Amino acid sequence: MKLAVVQFAPVFGDLQSIIKKLETLLDEAKHADILVLPELANTGYKFDSKTEAFDLTENIESSVFIEFLKNKCVKYDFAVATGFAEKEGDKLYNSSIFLDKTGVKAVYRKLHLFMNEKSIFEPGNLDLSVFEYQETKLGMLVCFDWMFPEAWRKLALQGAELILHPSNLVLPYAQSVIPSYSLVNRVFIATANRIGTEKELSFTGQSIITNTKGEVLAKAGKKEEILMVEFDPKLAQNKMITPLNNAFEDRRTDIYE
Ligand code: ACM
């Protein structure tokens, strides 16, 4: 599996500029099997009000952004996981979608909203679930979900081999926990962060891809960058820590379920 993480700065509220930027970046990443883009990649992050957000978000079924990505998937035969400001009826969700050349295959809605997101988006109302793409078992989380080990664990227990994690990280230490989540769950993780600033917020870049031993396969700096790595996702099926210790079977769920 060739995995690419695309770190860039979406131009707030300017979908055409975002698409223009991604035109070049996705062409550069054309040899990947799966690409991961940051959180809210179709709009930018810092909405002033729900009304502003409502005007800028799209429905999955009629999205110019998704149509653009789908055309790239058709052209290059890759799949894309991207953060997506999603409108459904009168509700907004901070979502992550996974699509390939046939269209959208999975949707996840951020469960743990960060700061002012609570006045813009609804908390996710879909379960954490694992889906399959080209025989790899995938799960998705969005940004501040990183704080909640239960979310990573639940995906790993369902068999996720690779967790795709579109992000707009601002806290300076968030990336430091990703290797540990990989290690304790024995899964691959791809955190695609953004760069740049919006209003009072600075996004921290340093997108990261980690393996089942908690090793860093690739880490970005704080500029526009594409990370590309190749690995065997099936390594995530091995949960042995030592010949006598299995990361999942040794859990004392009788004590701490
Ligand atoms: C975040 O959840 N965007 C920090």
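Both counts, for ligands and for their atoms, begin at 1 and track the order of listing. Here the structure is a predicted model, which is why all the values come from computation and not from measurement. Along the sequence shown, residues carry numbers from 1.
The six-membered or imidazole ring of Phe84 lies away from that of Tyr93, with a centre-to-centre distance of 6.0 Å or more. Aromatic ring centres of Phe98 and Tyr133 lie closer together than 6.0 Å.
Taking 4.0 Å as the cut-off, Lys110 counts as a neighbour of ligand 1 on heavy-atom distance. The closest approach between a heavy atom of Glu117 and any atom of ligand 1 is below 4.0 Å. Taking 4.0 Å as the cut-off, Tyr45 counts as a neighbour of ligand 1 on heavy-atom distance.
Figure legend: cation-pi geometry between Lys50 and Phe121 absent, as NZ or CZ is not positioned both under 6.0 Å from the six-membered ring centre and within 45° of its axis. Judged by the 6.0 Å distance and 45° axis criteria, Lys87 is positioned over the aromatic ring of Phe54.
At the shortest separation from atom 1 (C) of ligand 1 among protein heavy atoms lies Cys143 SG, 2.9 Å. The protein heavy atom nearest to atom 3 (N) of ligand 1 is Glu39 OE1, 2.9 Å.
When only interatomic distances are considered, the shortest N/O to N/O separation between Phe144 and ligand 1 falls below 3.5 Å.
Using bins of under 30°, 30° to 60° and over 60° for the plane-to-plane angle, the ring pair Phe68/Phe65 lands in the tilted bin.
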